[in-house]
Amino acid sequence: MRFDGTTIFVTGGAGFIGSAVIRHLLSDSGARVVNVDKLTYAANLDSLQGAAGHPRYAFEQQCIRESAGLQSLFEKYQPDAVMNLAAESHVDRSIDGPAEFISTNVVGTFTLLQQALHHWRRLTPEKRARFRFLHVSTDEVFGSLGPSGLFTEQTPYAPNSPYSASKAASDHLVRSWRETYGLPTLLTNCSNNYGPYHFPEKLIPHMIIRGLANEPLPVYGDGGNVRDWLYVADHADALMLVLERGGVGETYNIGARCERTNLDVVVRICDLLDEILPSGAAPRRDLISFVTDRPGHDRRYAMDPGKIERELGWRPREDFESGLAKTVRWFCDNRAWWQGILDRGYRRARIGLG
Ligand code: NAD
């Protein structure tokens, strides 16, 4: 079994991607998994119901900015690897309140690196050689593309939002802890994820939930911004592979070659909803309206995943059509999950206009 006998910290394990990683680790590996999460507004332990009683799972409510708490967790569990997914992740929120993004994404990553280094230096030489720190980042650090071209691992960083700038800063810290202190780090930059358990503020779940209620579907700007979509389970699979076989000090771009304009995505969601749950009224496409664009809205992201495909043999299982159909179906079948978030007071009002 993969990762048999190892202990892996997953920070941000109650979030969208972190919970997918934990579900994957518990079902497809023998690792003991420790979910280290502060439980911000974006966290949801309901995404991990199957994990709660699992003999190889532990949850620790812990902020990655707090050294003392982290140090005691490293001493308690003696992890063999850290997968860092804890972050503030919503661009619109970063426009209105960048401080939390600098604090968690930059200072938090720094604090986690320091505690991982402290732990790593005390390991036996064999364990030290096997230890890994995998930092999960985004394609947004590369800035915006024109109509052609792809981001590669060599593309210079040019972040445009407080979110992407904070992620870029954290990526640089991770790289430098490897170069300066020898900590065995790896870095992944991934395109936009979607899938089950996605927090309702992000484009795809936001539109599904509004579409289900036959509410207006507000698309930013002209809807022509392009994102490269990756089904979250494929991302989790890629992260496990990078942790298992990735080269220390290497960076891997992850994407599924699924570029779509935001308008295309919303139109497809409307059509899927009409197929699954016909509203009886006009087609849901008629609910689409265009609203003021996000300030500094990057026009196009597109990943070249050639390196992870060639070197690690990774391939996504879902294309955009199959992944989106599964996602829309999941949100239709799991209303209790997202209704719980709305009932806890999550407001769907427009934010991030600067
Ligand atoms: P998310 O917002 O759904 O979850 C983030 C999790 O981190 C939450 O459970 C939250 O409680 C936790 N957290 C936040 N601050 C913390 C702190 N100070 N200490 C401990 N835990 C804290 O995010 P996500 O979409 O799952 O993204 C996970 C990672 O992947 C992030 O680093 C993000 O930048 C990166 N990423 C996301 C996408 C995407 O499309 N969602 C794409 C590429 C990369």
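Sequence positions, counted from 1, serve as the residue numbers for this chain. Order of appearance sets the numbers: ligands from 1, and atoms from 1 within every ligand. Since the model is a prediction, treat every value here as computed from it, not as a measurement.
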Numbering as shown, the atoms of ligand 1 that approach S137 to under 4.0 Å (heavy-atom distance):
43 (C), 44 (C)
Find out whether P79 and H119 are in side-chain contact, i.e. whether some heavy atom of one side chain is under 4.5 Å from a heavy atom of the other.
yes
Is there a ring pair (Phe, Tyr, Trp, His ring centres under 6.0 Å) between F151 and F142? Walk through the geometry before answering.
CA-CA 7 Å; F151 296 134; F142 299 123; 5.0 Å; yes
Report yes or no: is the cationic atom of R294 (NZ for Lys, CZ for Arg) under 6.0 Å from the centre of the six-membered ring of Y220, at an angle within 45° of the ring normal?
no
Non-hydrogen atoms of G108 versus ligand 1: any pair closer than 4.0 Å?
no
Can you confirm whether V82 sits close enough to L134 that some side-chain heavy atom of one is under 4.5 Å from a side-chain heavy atom of the other?
no
Determine, for F320 and R268, whether the Lys NZ or Arg CZ falls below 6.0 Å from the six-membered ring centre while staying within 45 degrees of the axis.
no
N-O pairing of R2 and E244 below 4.0 Å:
yes
Before signing off on this row, confirm whether T104 and ligand 1 have an N or O atom pair separated by under 3.5 Å.
yes
Below a 4.0 angstrom heavy-atom separation, can you tell me which part of S191, side chain or backbone, both or neither, approaches ligand 1?
backbone
So is there a nitrogen or oxygen of C63 less than 3.5 Å from a nitrogen or oxygen in ligand 1?
no
What residue and heavy atom of the protein are closest to atom 2 (O) of ligand 1, and at what distance?
S89 OG, 2.7 Å
Close-contact set for ligand 1 against Q62 heavy atoms, below 4.0 Å
19 (N), 20 (C)
Ligand 1 atoms nearer than 4.0 angstrom to some heavy atom of L85 are 28 (C), 29 (C), 31 (C), 32 (O)
Is Y301 touching ligand 1 with its side chain, its backbone, both, or neither, if touching means heavy atoms under 4.0 Å apart?
neither
Within ligand 1, which atoms have a heavy atom of V136 less than 4.0 Å away?
30 (O), 32 (O)
Would you check if the side chain of S164 reaches a backbone N or O of S161 as a donor-acceptor pair within less than 3.5 Å?
yes
Atom 22 (C) of ligand 1: the protein heavy-atom neighbour that sits closest, reported with distance to 0.1 Å
A86 CB, 3.7 Å
Among all protein non-hydrogen atoms, which one is nearest to atom 34 (O) of ligand 1, and what is the separation to 0.1 Å?
Y163 OH, 2.6 Å
Test: R65 and E100 ion pair at under 4.0 Å
yes
Protein contact to atom 9 (O) of ligand 1 [nearest heavy atom, distance to 0.1 Å]:
D37 OD2, 2.6 Å
Any Lys/Arg nitrogen of R122 or E75 sitting under 4.0 Å from an Asp/Glu carboxylate oxygen of the other?
no
For H90 and Y41, work out which heavy atoms get closest and say how close.
CB-OH, 4.0 Å
for atom 41 (N) of ligand 1, nearest protein heavy atom and its distance come out as I17 CD1, 3.7 Å
Look at atom 10 (C) of ligand 1 and say which protein heavy atom is nearest, naming residue and atom and giving the distance to 0.1 Å.
T40 OG1, 3.3 Å
Under 4.0 Å from one or more heavy atoms of N192, ligand 1 contributes atoms 40 (O)
Logged contact type for L39 with ligand 1, heavy-atom cut-off 4.0 Å, is backbone
Hydrogens and angles aside, do D298 and N160 bring a side-chain donor and acceptor to less than 3.5 Å of each other?
yes
Report, in ascending order of atom number, the atoms of ligand 1 lying under 4.0 Å from any heavy atom of T138.
43 (C), 44 (C)
Let me see the working for R23 and S19 under side-chain hydrogen bond (donor to acceptor under 3.5 Å, both in side chains), right down to the final yes or no.
CA-CA 6 Å; R23 290 191 298 274; S19 65; 3.2 Å; yes
Considering non-hydrogen atoms of the protein only, which is the closest contact for atom 4 (O) of ligand 1, and what is the distance?
G15 CA, 3.3 Å
Verify whether the ring centers belonging to H172 and Y157 lie closer than 6.0 Å.
yes
Can you tell me which residue and heavy atom of the protein come closest to atom 19 (N) of ligand 1, and the distance to 0.1 Å?
I64 N, 2.9 Å
Atoms of ligand 1, numbered as shown, that sit under 4.0 Å from any heavy atom of A42
2 (O)
For ligand 1, indicate whether the residue K167 contacts it via side chain, backbone, both or neither (heavy-atom separation under 4.0 Å).
side chain
